[in-house]
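Note that the structure is a prediction, hence the values are computed from the model and not measured.
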Amino acid sequence: MAALTQYLYGLYGAKGSGAIIDDEIISCLSRSNSFYKYEENNIVESIPIKCINFQFYYVAWISNYINMGRISPRFDFISTKFQGCYMAAYTGEDAVRRGFHIHKGGGLDQRNNWNGISDCLNLNNQPRYTNGVIFKPNSYVNEKNLLTAISGIINLDTWGIISNNGACHSALVYERDGKWRLGRIESTLALPNMRIP
């Protein structure tokens, strides 16, 4: 099987908006991460869900927290439920790749906590990481408003994906007639540094 981003772009290119997403992907994204360590500053370390056939790791959104999971640099990294949150990944000095879903917005906004982490990763302008990327997945507000007018739409979601080559992607998905469908997928620009503006 192809990596998740290759699959989604191929699906969108072949069938366009409304194409049904493979049930195995939805099954992986429906499982809960296991949390095994609560850290200071509202950071949760979880065990990400691994989907072998579509070569991705999934780290879930947790309201009011930064959720971090150890991921493989050979696989894509996905998180869901974006409405203003940020997504990041980097490889630390210990050679471990980490993926993050950073809560931003209502409740306990984690911007300041994340920027503190970012500052620690860049002591004296010397990065203590490699292959760092952070971005804000597109919230697709206009598209979501249009889709809610279509009868039969049950759920709408925005997925953020960091592919194994570090490229950032946003996907609009929705559920209709018992199936999750791809509304749109596109490349999204990463921020110039690891800080949230």
(message) How about CG on Leu189, more than 12 heavy atoms from neighbouring residues, nucleotides or ligands closer than 6.0 Å, or not?
(response)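 Check fails, neighbour count at 12 or below.
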
So how far is it from [X] [atom1] to [Y] [atom2], rounded to the nearest 0.5 Å?
{"X": "Arg31", "Y": "Cys51", "atom1": "CZ", "atom2": "SG", "value": "7.0 Å"}
{"X": "Ile62", "Y": "Asn42", "atom1": "CD1", "atom2": "CG", "value": "10.5 Å"}
{"X": "Ile196", "Y": "Ile134", "atom1": "CD1", "atom2": "CD1", "value": "4.5 Å"}
{"X": "His169", "Y": "Ile185", "atom1": "NE2", "atom2": "CD1", "value": "6.5 Å"}
{"X": "Ser72", "Y": "Lys50", "atom1": "OG", "atom2": "NZ", "value": "7.0 Å"}

(request) Decide whether Ile26 and Ile161 are clustered together by the hydrophobic rule: side chain heavy atoms of Ile, Leu, Val, Met, Phe, Trp, Tyr closer than 4.5 Å, transitively. (result) yes

(request) Give the cluster check for Leu11 versus Ile20: same hydrophobic cluster or not, with ILVMFWY residues linked at side-chain heavy-atom distances below 4.5 Å. (result) no

(request) Output all residues satisfying ring pair (Phe, Tyr, Trp, His ring centres under 6.0 Å) with Phe75, sequence neighbours left out; order by chain, then residue number. (result)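 In terms of ring pair (Phe, Tyr, Trp, His ring centres under 6.0 Å), with neighbours along the sequence ignored, Phe75 is linked to Tyr57.
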
(message) Can you list everything that forms a ring pair (Phe, Tyr, Trp, His ring centres under 6.0 Å) with Tyr129? Sequence neighbours excluded, please.
(response)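 Expected list: Tyr90.
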
Which heavy atom of [X] sits nearest a heavy atom of [Y], and at what distance?
{"X": "Arg181", "Y": "Gly18", "answer": "NH1-O, 3.1 Å"}
{"X": "Gly160", "Y": "Pro137", "answer": "CA-CG, 3.8 Å"}
{"X": "Trp159", "Y": "Ile21", "answer": "CH2-CD1, 3.8 Å"}
{"X": "Ile153", "Y": "Tyr174", "answer": "CD1-CD1, 3.1 Å"}
{"X": "Ile49", "Y": "Ser32", "answer": "CD1-O, 3.5 Å"}
{"X": "Asn155", "Y": "Glu175", "answer": "ND2-OE1, 2.6 Å"}

(request) Run the numbers on Asp22 and Asn53 for side-chain contact (heavy atoms from CB on, under 4.5 Å), then give the verdict. (result) CA-CA 11 Å; Asp22 191 286; Asn53 287 338; over 6 Å; no

Could you tell me if the side chain of [Y] sits less than 4.5 Å from the side chain of [X], heavy atoms only?
{"X": "Lys179", "Y": "Asp177", "answer": "no"}
{"X": "Pro48", "Y": "Phe77", "answer": "no"}
{"X": "Asn131", "Y": "Pro73", "answer": "no"}
{"X": "Ile66", "Y": "Ile117", "answer": "yes"}

Side-chain donor/acceptor of [X] to backbone N/O of [Y], under 3.5 Å:
{"X": "Asn67", "Y": "His101", "value": "no"}
{"X": "Arg111", "Y": "Pro197", "value": "yes"}
{"X": "Trp114", "Y": "Met194", "value": "yes"}
{"X": "Gln55", "Y": "Leu4", "value": "no"}
{"X": "Arg128", "Y": "Cys120", "value": "yes"}
{"X": "Asp76", "Y": "Asn164", "value": "yes"}
{"X": "Ser27", "Y": "Asp23", "value": "no"}
{"X": "Tyr58", "Y": "Thr80", "value": "no"}
{"X": "Gln83", "Y": "Lys81", "value": "no"}

(message) Under a 3.5 Å threshold, yes or no: a donor from one side chain and an acceptor from the other, between Asn138 and Thr188?
(response)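 Absent: no donor and acceptor within the cut-off.
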
(message) Quick one about Tyr12 and Glu186 (side-chain donor to acceptor, distance below 3.5 Å, no hydrogens or angles considered), yes or no?
(response) no

(message) Please determine whether side-chain contact (heavy atoms from CB on, under 4.5 Å) holds for the pair Phe56 and Leu29, giving the CA-CA distance in whole Å, both sets of side-chain angles, and the decisive distance to 0.1 Å.
(response) CA-CA 10 Å; Phe56 70 83; Leu29 298 179; 3.9 Å; yes

(message) Enumerate the salt bridge (Lys or Arg N to Asp or Glu O under 4.0 Å) contacts for residues 139-165, please, sequence neighbours excluded, ordered by first and then second residue.
(response) Glu143-Arg184

(request) Evaluate the ring planes of His103 and Trp61, with Trp represented by its six-membered ring, and classify them as parallel (under 30°), tilted (30 to 60°) or perpendicular (over 60°). (result)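 Parallel: the ring planes of His103 and Trp61 meet at under 30°.
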
(message) For Phe100 and Val59: C-alpha separation, side-chain torsions, deciding distance, then whether side-chain contact (heavy atoms from CB on, under 4.5 Å) applies.
(response) CA-CA 7 Å; Phe100 300 84; Val59 174; over 6 Å; no

(request) Under the side-chain contact (heavy atoms from CB on, under 4.5 Å) rule, what do Tyr86 and Leu191 come out as? Steps first, then yes or no, please. (result) CA-CA 10 Å; Tyr86 285 76; Leu191 297 175; 3.7 Å; yes

(request) Among Ile102, Ile43, Val44, find the residue that satisfies the side chain to side chain contact (heavy atoms under 4.5 Å, CB included) test when tested with Tyr65. (result) Val44

